[in-house]
Amino acid sequence: MIPTTADAYQLLHDGSLALARMEENGFCIDMDYLQRTTQEVTSRIKEFERELQADKLWREWRKRFGEKASLGSDTQLTELLFNVLKHPYPEGEEWRTNTGRYRADEETIGAVDLPFTKLWQRCKKQKRLLGTYLNGIAREVVNGRVHASYNLHTVETMRSSCSDPNVQNQYKRDPEMMKILRRCYVASPGCVLVEIDISSAEVRVAACYNRDPVLIKYIKDPTTDMHRDTAADLFLLPVEFLIEHKDWAKRTVRDWAKNRFVFPQFYGSVYFQCAPSLWEGVCNPAVKVPGTDLTVKQHLRAKGIRKLGACKPAKQGENEPEEGTFEHHVREVERSFWNQRFKVYTEWKNRWHEAYLKKGYYDTLTGFRMAGHYKRNEVLNGGIQGDAFHCLLWSIIKSQRLFDRRKLKAKPIAEIHDSMILDVPVEEVQEVLTLAHKVMTVDLPKAWDWLIVPMEVECEIAPEGGSWVDVAQWVNKSGTWGPK
DNA sequence: TAATGCAGCGCC
DNA sequence: AAAGGGCGCTGCATTA
């Protein structure tokens, strides 16, 4: 990576200083809660282990591995389950690790329907919570704060990284784990936690690269929704139906389309990889198409889609998806997605990759020349990822300067690629939200003329005395910020 | 005993 | 034809 413009150099210099100040500020930790929770989780793990060791499977385990038997070893567990006890194990390369061993992930162990394995998995999860997360915080706390390290020079795409502890990967999607872990992170006395993120940052930046009018329309026009339209295609439901049953769709088909098709496709995934995870949703017996008694699977069956299909990597003339399979259907959707709906995006991908192959580098919109040996998907994603982060970095730098100039005590304390977390004195909340919002939605597009789509942000804020668990969305209503 | 590799999994 | 982009951390297994 080489910065090719003065602005690019400046961004890194200013960014280093901004992140250094963020490190110095640190994130306040509720130490009483941390200690209490560490003890609770520790004893929970001990209880789980006692129960596991009382199971007859543990006797088999000891018989097989003797003194070396270790409850934490997933290699030993797979050996016991699939070689000694001969539990069925799926055929095929995708079910093996890179070194040809049995996989020991959540899915494969979870497929063995025994009380022992269920318990083992719950135990494993608690061990991760303790070993990686709670201990990770405790190890780094100084005077009640963690001062994570942020890097601008380590990531291939010019994103940032974070370590000691890595504040960028704390539980969020698992509600149970999220509530336990994020409760550790609190605002400083007299302050509240504010989190501001750029809505679909990478999609916006992607549109700046490819200038696909359809993608731009999806971004600009709030009545349109590419995830909803793609869900309609994938699950053969009319768009009007999805609009009518918006809340249902949001939890089900639209969510699957977004997270199991649209985003993976943007990152370069393909139909035979998307289809199995989509199908998992389809097979959920608890999800019924509104107004009918049909599961999504039954609904698709009525449309002539009877099964998933083999989902093998396409080779010339081989592994052709079979007609009437979901895999076949997903391929059709993929084709229309890239050849019809986003055909300008597709043309850009081909041109961009071709140019890279010819030159041996690509230039990003924020002024960095990326020279090196990259695969196709890396070339197509690198600039988007880096520049989306640079939008945030620029915003942090600018916001910090504004806070300084106005003698505000609000401080950025963390950054997660497209969001910044601030420690804000209660009385500064309105001013800080207004300033940060303006920086990200007005000043940023003004400063970078390549930014040809509007920027939008989402603000979340925790009540005074609350923690990172308690952040809830706030919006601006006629000049004043308040709960949505 | 220390260093390294691998697999798994948390986040965007 | 393609073959999900980017990280950091942990525990276990293997190698030096």
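None of the values given here were measured: they were computed from a predicted structure. Chain identifiers are assigned alphabetically (A, B, ...) following the order of the sequence lines, protein sequences preceding nucleic acid strands; residue numbering begins at 1 within each chain. When reading the values below, keep in mind they use all heavy atoms of this one structure, side chains included, and skip hydrogens, waters and symmetry mates.
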- Query: Side-chain N or O of A:S269 less than 4.0 angstrom from OP1 or OP2 on C:dA3?
  - Reply: no
- Using the six-membered ring wherever Trp is involved, compare the ring planes of A:W58 and A:W61 and label them parallel, tilted or perpendicular (cut-offs 30° and 60°). tilted
- Note on the structure: Whole-Å distance, A:L77 CG to C:dC12 C1', equals 13 Å
- Message: Any side-chain N or O of A:K127 below 4.0 angstrom from OP1/OP2 of C:dG11?
- Response: no
- Query: Taking the side chain of A:P313 as heavy atoms from C-beta outward, which of C:dA3, B:dC11, B:dA7 is closest to it?
  - Reply: C:dA3
- Among the nucleotides B:dC6, C:dA2, C:dT10, which one has an atom lying closest to any side-chain atom of A:R139? C:dT10
- Note on the structure: note: A:L71, atom CG; C:dA13, atom P; distance rounded to Å ~ 12 Å
- Query: Nearest to the side chain of A:S70, which nucleotide is it out of B:dC12, C:dC12, C:dG6?
  - Reply: C:dC12
- Item | Cationic tip of A:R159 above A:F389 ring, under 6.0 Å, 45° of axis | no
- Task: Nearest whole angstrom, please: distance from the P of B:dC9 to the CG of A:D105.
- Result: 5 Å
- May I ask you to say what A:V155 touches in the nucleic acid, namely base, sugar-phosphate or nothing, with a heavy-atom cut-off under 4.0 Å? sugar-phosphate
- Atom CD of A:E327 and atom P of C:dA3 are separated, to the nearest Å, by 17 Å
- Given C:dT10, C:dA13, B:dC11, the nucleotide with the shortest approach to the side chain of A:T132: C:dT10
- Closest to the side chain of A:N169, out of B:dC11, C:dC7, B:dA7, is B:dC11
- Message: Just to be sure I understand the rule, does A:F261 reach a base, reach only the sugar-phosphate, or reach nothing, if contact means heavy atoms closer than 4.0 Å?
- Response: nothing
- Find the distance A:N98:CG to B:dG5:C1' and express it as a whole number of Å. 12 Å
- Check the distance between C:dG5's P and A:K349's NZ and give it to me in whole angstrom. 12 Å
- Counting side-chain heavy atoms from C-beta on, which of C:dG8, B:dG10, C:dG6 comes nearest to A:Y171? B:dG10
- Message: Does A:Q385 contact C:dG5 through a side-chain donor or acceptor facing the base, at a distance under 3.5 Å?
- Response: yes
- Item | Proximity to the side chain of A:Y133 - top-ranked nucleotide from C:dA3, C:dG5, B:dG10 | B:dG10
- Which nucleotide in the list B:dC12, C:dA2, C:dG6 gets nearest to the side chain of A:K172? B:dC12
- Item | Touch class at under 4.0 angstrom, heavy-atom based, for A:R331 against every strand present | nothing
- Item | Salt bridge A:R182-A:D470, side-chain N to carboxylate O under 4.0 Å | no
- Got a sec: does the CD of A:E24 have more than 12 other heavy atoms crowding it under 6.0 Å? no
- Does OP1 or OP2 of B:dC12 have a side-chain N or O of A:R173 closer than 4.0 Å? yes
- Would you call A:D225 and A:R254 a salt bridge, using N to O less than 4.0 angstrom? yes
- Message: Please determine whether a side-chain nitrogen or oxygen atom of A:Q76 lies at a distance below 4.0 Å from atom OP1 or OP2 of C:dA13.
- Response: yes
- Taking atom types as they are modelled, is there a donor-acceptor pair under 3.5 Å from the base of C:dG8 to the side chain of A:N166? no
- Message: If you compare every side-chain N and O of A:S73 against the phosphate oxygens of C:dC12 (OP1, OP2), does one of them come in below 4.0 Å?
- Response: no
- Task: Could you tell me how the ring of A:W468 sits relative to the ring of A:F27: parallel (under 30°), tilted (30 to 60°) or perpendicular (over 60°)?
- Result: tilted
- Message: So A:C162, base contact, sugar-phosphate only, or nothing? Heavy-atom distance under 4.0 Å.
- Response: sugar-phosphate
- Task: Counting heavy atoms from C-beta on, name the nucleotide in C:dG5, B:dA7, C:dG8 closest to the side chain of A:T97.
- Result: B:dA7
- Query: How long is the line joining CG of A:L130 and C1' of C:dT10, in whole Å?
  - Reply: 12 Å
- When the nearest nucleotide of DNA chain C is assigned to A:K375 and to A:D74 on a heavy-atom basis, which residue is associated with the more 5' position? A:K375
- Task: Looking at every strand, decide which applies to A:F272 at a 4.0 Å heavy-atom threshold: base, sugar-phosphate, or nothing.
- Result: base
- Note on the structure: When rounded to whole Å, the CD to C1' distance for the pair A:E107 and B:dG8 reads 13 Å
- Query: Does any donor-acceptor pair link the side chain of A:R128 with the base of C:dC9 at a separation under 3.5 Å?
  - Reply: no
- Task: Check every strand shown and say whether A:A201 touches a base, only sugar-phosphate, or nothing at a heavy-atom separation below 4.0 Å.
- Result: nothing
- Message: At 4.0 Å (heavy atoms only), tell me whether A:R101 reaches a base, stays on the sugar-phosphate, or touches nothing.
- Response: sugar-phosphate
- Are A:Y345 and A:F266 close enough that their ring centers fall under 6.0 Å? yes
- Just checking A:Q265: base, sugar-phosphate only, or nothing, at a heavy-atom cut-off of under 4.0 Å? nothing
- Given C:dA2, B:dC11, C:dC7, which nucleotide is nearest the side-chain atoms of A:S161? C:dC7
- Task: Could you tell me whether A:E320 and A:R331 make a salt bridge, using a distance below 4.0 angstrom between a side-chain N and a carboxylate O?
- Result: yes
